[in-house]
Every structure is written in C-alpha cells, then in structure tokens.
Amino acid sequence: MERIEIGTKENTELIGITGKVKEIVESIDIDSGICVIFTKHTTTGIIINENEPGLKSDILMLLNELIPKGKGYLHDRIDDNAHSHLRSVVLGSSVTIPIEKGNLALGTWQSIFFVECDGPRRREVSVKVVEG
Ligand code: ZN
C-alpha cells in the first residue's frame with residue numbers, strides 16, 4: 001500500500017491526483033490488475049470526472065446546493081461540520097480503476113480527484129494495487 005499526502009488550501013475544493021496515482025502504478029511491475037484509491041477521512045471524497053475548470057466549479061456549486069451548511073443537522077451540535085460529512089457520503093470514499101498493460105485504464109476524459117469538504121487540512125489517501 002502506498003500513500004499520497006495532500007495539504008488542502010480551501011474549505012471545499014477538488015484536487016487532481018491522477019499524476020500521483022499513475023506514478024505509483026508505474027513504480028509497481030505488473031501488467032494487469034486493479035488500483036483502489038481510498039480516502040482515510042469522513043469529510044472528503046474520491047471521484048472520477050473530467051478535469052475542466054468550469055466543471056470543477058459546477059461540482060462545488062452542486063455540492064453547495066444539494067447539501068448546504070447549517071440546515072439544522074444533528075451532528076452540527078458536536079462540531080458544526082455535518083454538511084462536510086454528508087457531502088462525503090454522497091461522493092464516496094474510494095474508486096477502483098482497472099490496470100491494463102501496466103497503466104491505469106482510464107477513459108480519455110477521466111481524471112481522479114480528491115475532494116476536500118472540510119479544509120484546509122492535512123489529508124492522506126491510500127493507493128492499493130492488486131495484480132490479477
Ligand atoms: Zn464532524
């Protein structure tokens with residue numbers, strides 16, 4: 001298992017991690033398998049989509065509209081970040097990508113993003129490659 005450390009800068013942001021995941025996959029000598037990218041936090045997500053600045057803003061706007069801050073959530077009584085946890089629930093904590101001919105078999109427009117929902121913080125993402 002490998003790790004990617006990320007220092008996020010905003011409260012809510014998308015951070016492209018495709019290059020770092022590719023480096024890890026290329027450093028492991030396998031032809032075929034799967035790669036699991038997993039975030040170890042309850043207020044972050046991992047998603048795959050197009051790396052286009054307008055779309056990245058649209059995704060953040062969607063999260064804001066779907067799950068606004070401070071709507072009377074019960075968890076806000078504890079640490080005032082229920083919306084961050086709920087956004088994480090919607091986004092998911094991991095993605096699995098096939099490996100073919102030693103590389104991530106992503107579609108042309110697919111990129112991997114770490115999504116910060118309660119930053120800025122130090123974050124850690126696990127990358128596990130399984131041969132098969
Ligand atoms: Zn919390």
Side-chain angles (χ1 to χ4, degrees):
M1 180 130 70
E2 302 287 328
R3 283 179 178 76
I4 298 171
E5 293 196 356
I6 301 168
T8 63
K9 294 184 171 64
E10 306 291 336
N11 178 261
T12 310
E13 66 178 316
L14 268 72
I15 296 170
I17 57 171
T18 310
K20 285 178 179 159
V21 176
K22 271 186 180 166
E23 271 176 32
I24 291 169
V25 170
E26 284 165 9
S27 74
I28 298 167
D29 188 27
I30 68 161
D31 182 60
S32 172
I34 57 169
C35 178
V36 179
I37 299 121
F38 175 73
T39 174
K40 302 185 75 170
H41 310 279
T42 58
T43 54
T44 66
I46 302 283
I47 62 170
I48 294 176
N49 219 292
E50 184 176 347
N51 193 355
E52 190 278 311
L55 181 63
K56 287 164 72 178
S57 297
D58 292 338
I59 292 168
L60 296 179
M61 196 171 71
L62 176 71
L63 288 175
N64 217 20
E65 285 175 6
L66 281 179
I67 308 169
K69 187 178 192 313
K71 268 190 71 183
Y73 309 113
L74 300 181
H75 181 73
D76 281 345
R77 296 177 196 164
I78 297 177
D79 63 358
D80 209 30
N81 69 348
H83 64 290
S84 310
H85 292 281
L86 295 172
R87 290 174 186 182
S88 170
V89 167
V90 169
L91 294 167
S93 296
S94 69
V95 298
T96 305
I97 301 170
I99 297 170
E100 291 167 4
K101 296 175 184 166
N103 291 307
L104 291 173
L106 286 166
T108 307
W109 301 106
Q110 288 184 312
S111 292
I112 311 160
F113 293 96
F114 175 85
V115 188
E116 175 62 83
C117 299
D118 194 23
R121 287 174 194 258
R122 297 295 308 170
R123 300 296 199 175
E124 190 179 312
V125 171
S126 298
V127 180
K128 178 77 178 175
V129 175
V130 182
E131 192 167 16

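Counting convention: from 1, in listed order, for ligands and their atoms alike. In this chain, residues are counted from 1 in sequence order. Heavy-atom basis, side chains included; hydrogens, waters and symmetry copies ignored.
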Atom nearest to the Zn ion (ligand 1) - His75, N, O or S atoms considered: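 Output for this pair reads NE2.
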Heteroatom of His85 nearest to the Zn ion (ligand 1) (N, O or S, atom name):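 Looking at His85, the N, O or S atom with the least distance to the Zn ion (ligand 1) is NE2.
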Short N/O/S contact of Asn81 with the Zn ion (ligand 1) (below 2.8 Å):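 Here the distance criterion (N, O or S atom, under 2.8 Å) is met by Asn81, so yes.
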Short N/O/S contact of Asp80 with the Zn ion (ligand 1) (below 2.8 Å):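 No, since none of the N, O or S atoms of Asp80 sits under 2.8 Å from the Zn ion (ligand 1).
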Within-4.5 Å side-chain heavy-atom neighbours: Ser111 and Leu106: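 No - every pair of side-chain heavy atoms lies 4.5 Å or more apart.
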CZ/Arg77: more than 12 non-hydrogen atoms of other groups inside 6.0 Å: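 Open: at most 12 neighbouring heavy atoms sit under 6.0 Å from CZ of Arg77.
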Ring pair (Phe, Tyr, Trp, His ring centres under 6.0 Å) partners of His41, counting only residues at least two apart: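 Expected list: none.
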Positive for side chain to side chain donor-acceptor pair (under 3.5 Å) with Glu116, one of Arg123, Arg87, Arg121: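 Per the side chain to side chain donor-acceptor pair (under 3.5 Å) rule, the option paired with Glu116 is Arg123, out of Arg123, Arg87, Arg121.
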